[in-house]
Student: 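Sharing a structure below in structure tokens format, with a few things to ask.
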Amino acid sequence: MRSVIDILDLSVAEIAELLATANDIIDHHEKYENILRGRKLATLFFEPSTRTRMSFEAAMYELGGNVISLAGGNTSSAAKGESVADTIRVVSNYVDIIAMRHYIEGAALAASESGTVPIINAGDGGHCHPTQTLADLLTIYREKGHFDNLTIGLCGDLKYGRTVHSLINAMSRYANVRFILISPKELRCPAYVLEGKDPTSFIETASLEEAMPELDILYMTRIQKERFDDEEEYLSLKDSYILNNEKLKNAKADLKILHPLPRVNEIAVEVDDDERACYFKQTLYGKYMRMALILKLLKEKDNPKKESLMPADAIISDVKCSNPKCICQSEQELKTRTIIRNGIRRCVYCEHEI
């Protein structure tokens with residue numbers, strides 16, 4: 001039995017397998033209509049969601065399975081102080097697989113250590129979001145036909161943007177992929193995301209206009225109000241980038257525009273009619289990739305061996321993780337575990353430097 005907490009939990013070969021399954025579902029949907037009859041998915045969403053939660057639920061129903069759902073921690077025993085570990089132990093008794101979104105970084109990894117069914121991370125705070133990346137990958141593949149030799153512009157909130165972090169990790173494994181990181185200095189990509197990767201593959205800039213002519217993919221993101229502790233800082237940054245038709249004048253004719261959604265005002269509505277806009281297709285592709293992932297994990301679940309995602313060289317630390325948004329700060333009796341990566345000791349749960 002295994003879980004998927006980070007996109008790196010899936011090998012390049014496994015991603016190719018998921019892409020093949022998703023494409024087969026698109027082409028032969030009828031083959032899959034009752035394949036999971038009698039199986040149950042729990043969607044546990046402690047943070048608001050539209051696309052991710054509904055696409056997981058649609059995915060399970062279209063595979064012939066059933067869904068039980070929690071939308072909002074205030075409607076569960078979490079509001080009474082129940083730990084993530086205890087919630088997962090209980091829910092594991094009712095279902096075959098769990099998709100969980102949580103506002104605390106590292107919550108999904110902690111859940112995977114406690115559960116007795118596969119856990120899919122549907123977003124943990126500002127950390128990572130592997131199934132959104134699967135949606136992104138299927139979109140890129142169907143629109144471009146390949147992953148190699150692409151220049152990808154990532155624009156907006158690169159600090160808290162968990163979808164950006166996961167996409168960088170995924171696409172860095174393909175040949176000759178360049179990233180142009182477009183953000184204000186306050187929202188630059190965290191160092192831990194770039195550690196261990198080829199530094200020549202990354203260019204940082206504050207100018208979307210200057211980067212535009214080079215891009216094969218433009219990945220816009222929302223400045224996320226819910227991630228800021230200081231509302232004044234959010235208000236000063238929220239309109240940093242607004243994509244409109246004027247800014248697209250110097251873009252490539254075959255540029256593809258992605259966005260994990262929801263958008264606020266970072267993409268003008270006029271762009272929706274541009275044939276290069278792919279963000280609504282992206283939401284549909286997300287359903288197919290989640291169908292493929294659910295199938296894969298439930299097939300592997302028949303192997304009773306539990307596979308821990310805790311790194312073998314992780315050690316319990318005497319120093320508690322200082323990230324206030326880390327699961328170590330709130331979970332009952334959870335010990336901070338650390339690992340050394342590229343000479344830096346980091347928390348296993350949230351990757352914050354210790």
Student: Can I316 be reached from L309 by stepping across I, L, V, M, F, W or Y side chains whose heavy atoms are under 4.5 Å apart?
Tutor: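 Not linked; separate clusters.
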Student: Does D157 use its side chain to pair, donor to acceptor, with the backbone of Y160 at less than 3.5 Å?
Tutor: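 It does hold such a pair.
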Student: Under 3.5 Å, is there a donor-acceptor pair between the side chain of S172 and the main chain of N169?
Tutor: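 No, the answer is negative, given that no donor and acceptor are paired below the 3.5 Å cut-off.
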Student: Going through the checks in order, is the side chain to side chain contact (heavy atoms under 4.5 Å, CB included) test met by F56 and I294?
Tutor: CA-CA 9 Å; F56 264 114; I294 289 168; 4.1 Å; yes
Student: Donor-acceptor pair, distance only, cut-off 3.5 Å: does the side chain of N23 make one with the backbone of A20?
Tutor: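 Pair absent, no side-chain N/O of N23 close to backbone of A20.
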Student: Indicate if F46 and I68 have the same hydrophobic cluster label, given that clusters are the connected sets of ILVMFWY residues with side-chain heavy-atom separations under 4.5 angstrom.
Tutor: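 Result: yes, single cluster for both.
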Student: With no hydrogens and no angle check, is any side-chain donor or acceptor of R337 less than 3.5 Å from a backbone partner on C347?
Tutor: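 It does not hold such a pair.
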Student: Do you reckon F280 sits in the same ILVMFWY cluster as L243, going by side-chain contacts under 4.5 Å, direct or chained?
Tutor: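 Result: yes, single cluster for both.
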Student: If the threshold is 4.0 Å, N to carboxylate O, is there a salt bridge linking K252 and D216?
Tutor: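 A salt bridge links K252 with D216.
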Student: Donor-acceptor pairs are to be reported for all side-chain atoms of residues 38-45 against protein atoms at under 3.5 Å, with residues two or more places apart or in another chain.
Tutor:
| residue | atom | partner | partner atom | Å |
| --- | --- | --- | --- | --- |
| T43 | OG1 | E57 | OE2 | 2.8 |
| T43 | OG1 | S69 | OG | 3.0 |

Student: Side chain of Q329, backbone of C321: donor and acceptor closer than 3.5 Å?
Tutor: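 Pair found, side chain donor or acceptor close to backbone of C321.
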Student: Classify the side-chain pair R51/T283 by whether it contains a donor and acceptor separated by less than 3.5 Å.
Tutor: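 No, no side-chain donor-acceptor contact under 3.5 Å.
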Student: Which side-chain N or O atoms in residues 147-156 pair as donor and acceptor under 3.5 Å with protein atoms at least two apart or in another chain?
Tutor:
| residue | atom | partner | partner atom | Å |
| --- | --- | --- | --- | --- |
| D148 | OD1 | A175 | N | 3.1 |
| N149 | OD1 | N176 | ND2 | 2.9 |
| T151 | OG1 | R178 | NH1 | 3.1 |

Student: Donor-acceptor check, side chain of K144 to backbone of D254, threshold 3.5 angstrom: yes or no?
Tutor: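 Judged by distance alone, yes, a pair lies under 3.5 Å.
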Student: For K320, look at atom NZ and say whether over 12 heavy atoms of other residues, nucleotides or ligands are found less than 6.0 Å away.
Tutor: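 Yes.
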Student: Answer whether the closest heavy-atom distance between the side chains of Y219 and L258 falls below 4.5 Å.
Tutor: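 Answer yes - side chains close enough.
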Student: Would you call K287-E62 a salt bridge at under 4.0 Å N-O?
Tutor: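 So K287 pairs with E62 through a salt bridge.
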Student: Are any side-chain N or O atoms of S3 and backbone N or O atoms of I5, one a donor and one an acceptor, separated by less than 3.5 Å?
Tutor: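 Answer holds: no.
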Student: For H129, is there any backbone N or O sitting under 3.5 Å from a side-chain donor or acceptor partner on R101?
Tutor: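 Pair absent, no side-chain N/O of R101 close to backbone of H129.
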Student: Could R162 and E105 be called an ion pair, given the rule that one side-chain N must be under 4.0 Å from one carboxylate O?
Tutor: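 A salt bridge is absent here (no side-chain N lies under 4.0 Å from a carboxylate O).
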Student: Using the side chain to side chain donor-acceptor pair (under 3.5 Å) criterion, which residues pair with E195? Sequence neighbours excluded.
Tutor: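 Applying side chain to side chain donor-acceptor pair (under 3.5 Å) to E195 gives R346.
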Student: Check step by step if side-chain hydrogen bond (donor to acceptor under 3.5 Å, both in side chains) holds for E209 and N250.
Tutor: CA-CA 8 Å; E209 289 83 353; N250 294 323; over 6 Å; no
Student: Answer yes or no: is there a donor N or O on one side and an acceptor on the other, between the side chain of H165 and the main chain of H127, under 3.5 Å?
Tutor: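 Present.
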Student: Using modelled atom types and a 3.5 Å cut-off, is there a donor and acceptor pairing between side-chain atoms of E331 and backbone atoms of A85?
Tutor: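 Judged by distance alone, yes, a pair lies under 3.5 Å.
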Student: Return yes when atom CD of E275 has more than 12 non-hydrogen atoms of other residues, nucleotides or ligands closer than 6.0 Å, and no otherwise.
Tutor: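 At most 12 heavy atoms, drawn from other residues, nucleotides or ligands, come within 6.0 Å of this atom.
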Student: Would you call E17 and K296 a salt bridge, using N to O less than 4.0 angstrom?
Tutor: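 Looking at E17 and K296, the cut-off is met.
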Student: Answer yes or no: is there an ion pair linking E266 with R222, defined by an N-O contact shorter than 4.0 Å?
Tutor: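 No.
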